[in-house]
Amino acid sequence: MTSTLTPQPVERTKPERPGTPPRRRTRVLALPEARWAAAATVLFLLALPLQLTGAPAWTWGPLYALSYVTGGWEPGWEGLKALKERTLDVDLLMVVAALGAASIGQVMDGALLIVIFATSGALEALATARTADSVRGLLDLAPATATRLSPDGGEQAVSVEELAVGDTVLVRPGERVGADGRVLDGASEVDQATITGEPLPVPKERGDEVFAGTLNGTGALRVRVERDASDSVIARIVRMVQEASETKAPTQLFIEKVEQRYSLGMVAATLAVFLVPLAFGEQLTDALLRAMTFMIVASPCAVVLATMPPLLSAIANAGRHGVLVKSAVVMERLGQVDAVALDKTGTLTEGSPRVTDVRPLPGSGLEEDELLTLAAAAERPSEHPLARAVVDAARERGLRLPDAQDFTSAPGVGVTAVVGGRTVAVGAPARLLDDDTPGSAAELEESGRTAVLVVVDGAPAGLLGIADRLRPDAAATVASLATLTGTAPVLLTGDNPRAAAHLAAEAGIGDVRAGLLPQDKLDAVREMESAGRKVLVVGDGVNDAPALAAAHTGIAMGRAGSDLALETADAVIVRDELAAVPATVALSRRARRLVVQNLVIAGVFIAGLVVWDLAGDLPLPLGVAGHEGSTVLVGLNGLRLLREGAWQRAAAGGNG
């Protein structure tokens with residue numbers, strides 16, 4: 001159903017996490033399509049029980065009439081406008097079929113048809129509006145103003161649009177970077193998860209590149225602008241999402257062509273059924289009755305229900321298990337995928353760093369718990385993600401942390417504090433020790449972990465290994481996806497190649513593409529698509545959004561997913577259970593098979609009844625009974641996927 005969207009009121013709230021855009025969300029009832037569909041549905045649900053319980057027609061007739069008006073006026077009006085442009089679409093045909101059903105007493109059938117199409121139009125309008133909301137929200141990642149430094153050292157607050165290549169800007173602690181550029185002076189750690197997907201802030205020094213919209217840490221930076229605001233990475237992500245979404249238009253054009261031909265065929269056939277008998281002398285009433293019978297038995301109600309119940313049942317079943325599939329079209333497309341690309345951080349992994357190793361150095365005289373206690377006590381005042389991981393590890397072991405005095409933090413280096421009369425420094429080995437870094441630090445980093453050195457009273461005392469932990473169900477999910485698609489999944493990540501390769505080996509992935517920016521992920525997906533693959537992308541960050549939009553189907557991890565990823569993706573794993581991905585794909589394949597079965601059933605009934613009406617004398621009650629019987633049959637067949645067993649078989653590796 002075609003709908004025209006106008007700007008709608010949106011709700012905007014404070015971001016829930018650093019590095020994510022403020023949430024902009026169009027209210028459902030702000031969409032006129034949703035209001036009309038809701039009204040039509042309520043009226044239908046009020047009329048139906050009255051009719052079924054034998055109430056007088058005057059009690060339910062007006063309710064059905066209002067349902068026709070509220071749900072059918074918009075597609076009817078759009079259809080009339082299309083007629084003015086000499087085109088005919090299936091929306092108008094559905095309204096005509098509904099009115100035809102009402103004209104021969106099948107008021108409930110027509111009202112149900114109206115409600116189905118009004119609801120589908122509202123869902124399409126909502127999906128379009130929500131995607132537009134998320135793209136607008138992404139622009140809020142970049143600050144509106146920046147502090148520009150003049151050659152004489154003066155400061156001036158200017159709009160980021162006024163910044164030119166070559167300008168120097170000051171980025172204070174806790175501020176967002178105003179433009180893509182390179183650090184001229186200063187040291188800090190920058191959270192750039194929105195761009196690269198890396199789980200940890202990245203140390204930035206002179207000569208390092210920074211991106212607009214990323215969040216500065218505790219140090220101050222002077223940055224030389226290297227790109228205009230319109231060409232920043234954030235702005236390019238917005239353009240890529242919009243352009244990738246537009247590449248789905250050929251499918252829509254194909255559907256419109258099918259609708260046009262079907263509509264013209266139905267109109268021509270109905271007129272022929274009415275006019276040809278008249279030309280041979282048949283009575284007007286008999287010819288009209290035959291034509292109306294033809295309209296009923298050839299009505300696509302059974303065809304519509306042949307498609308929707310299996311897909312909607314699969315959607316409902318998946319929803320009960322924490323998977324939000326945004327439309328019936330998406331549920332159908334999920335079963336077509338034959339290649340999978342997975343993000344790393346927050347998708348294959350839990351998305352938060354954890355201490356994996358506690359290694360006292362020989363000669364330190366410390367046990368593991370003592371080393372961890374000193375490190376956690378020193379790190380407790382810090383807000384750094386690594387510091388939180390160390391403190392969490394100590395708490396998990398039930399360790400009591402003493403108070404720390406004289407706490408200091410050096411961006412990119414680490415922290416120093418006095419704990420129990422001992423001076424404790426915790427940070428990067430290469431920064432705390434200019435040389436003579438313990439060999440075990442390199443061993444930890446080779447295994448894909450981040451090495452953190454603990455120095456006590458000036459002497460190296462131990463090492464902590466920190467890593468983003470693989471999800472417990474990651475390896476099983478990778479294996480299931482490989483079985484379903486016939487091809488092992490690909491890992492696309494912005495993380496460093498060494499950490500990515502180590503984690504991929506644990507998950508059973510051989511094809512690893514690391515150090516990727518959003519454009520690189522998009523290019524990788526397009527490369528796979530150009531080779532004829534139908535790619536499923538699973539991700540969670542803003543940096544995954546272009547790839548999610550360009551892919552045949554995109555799935556976002558819901559718990560830690562960015563707003564843009566959640567809105568761009570076709571489906572969302574609300575409970576963050578990665579194993580739900582292959583289960584949903586398997587369920588979709590079962591739904592697609594049921595759709596084919598239902599189309600065959602509906603086609604056989606429609607063809608048989610049409611032939612009977614044209615070649616013989618099909619009584620109207622029998623025609624209605626056959627039409628309704630086929631509708632009920634395909635509906636019940638599709639509802640089989642509502643059963644719990646359908647999901648269990650899909651999750652076990654079956655096909656639903």
Side-chain angles (χ1 to χ4, degrees), residues 48 51-52 64 68 72 79 88-117 120 258-311 593-640:
L48 182 61
Q51 181 188 19
L52 295 179
Y64 276 137
Y68 276 75
L88 187 65
D89 61 27
V90 76
D91 289 353
L92 181 59
L93 182 61
M94 292 303 98
V95 174
V96 172
L99 293 176
S103 70
I104 59 171
Q106 301 300 312
V107 180
M108 187 270 287
D109 292 344
L112 178 60
L113 188 60
I114 289 292
V115 167
I116 290 174
F117 273 80
S120 66
V258 172
E259 288 180 358
Q260 179 72 7
R261 293 173 182 173
Y262 178 75
S263 302
L264 291 173
M266 283 293 300
V267 170
T270 302
L271 290 175
V273 170
F274 175 60
L275 295 175
V276 170
L278 279 180
F280 285 91
E282 188 169 355
Q283 294 294 322
L284 176 63
T285 302
D286 293 338
L288 181 59
L289 181 60
R290 184 184 295 271
M292 290 310 302
T293 303
F294 176 84
M295 174 70 79
I296 294 300
V297 299
S299 170
C301 289
V303 175
V304 171
L305 288 179
T307 302
M308 297 305 293
L311 298 175
R593 284 202 296 273
L594 288 185
V595 167
V596 173
Q597 291 177 15
N598 283 349
L599 288 174
V600 171
I601 294 171
V604 168
F605 269 86
I606 290 175
L609 294 172
V610 166
V611 169
W612 189 349
D613 183 51
L614 296 179
D617 186 15
L618 176 63
L620 180 59
L622 187 57
V624 172
H627 173 263
E628 293 302 320
S630 65
T631 302
V632 171
L633 182 60
V634 299
L636 292 176
N637 191 40
L639 293 178
R640 291 161 54 194

Of all the heavy-atom pairs spanning [X] and [Y], show the shortest one and how long it is.
| X | Y | result |
| --- | --- | --- |
| Q597 | N637 | OE1-ND2, 3.5 Å |
| P277 | A272 | CD-O, 3.7 Å |
| V107 | Y68 | O-OH, 2.8 Å |
| L594 | R640 | CD2-NH1, 3.6 Å |

For residues I601 and N598, determine if any side-chain heavy atom of one lies less than 4.5 Å from a side-chain heavy atom of the other.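 Sidechains of N598 and I601: in contact.
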Rounded to the nearest 0.5 Å, how far apart are CG of L609 and CH2 of W612?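 These two atoms lie 7.5 Å from each other.
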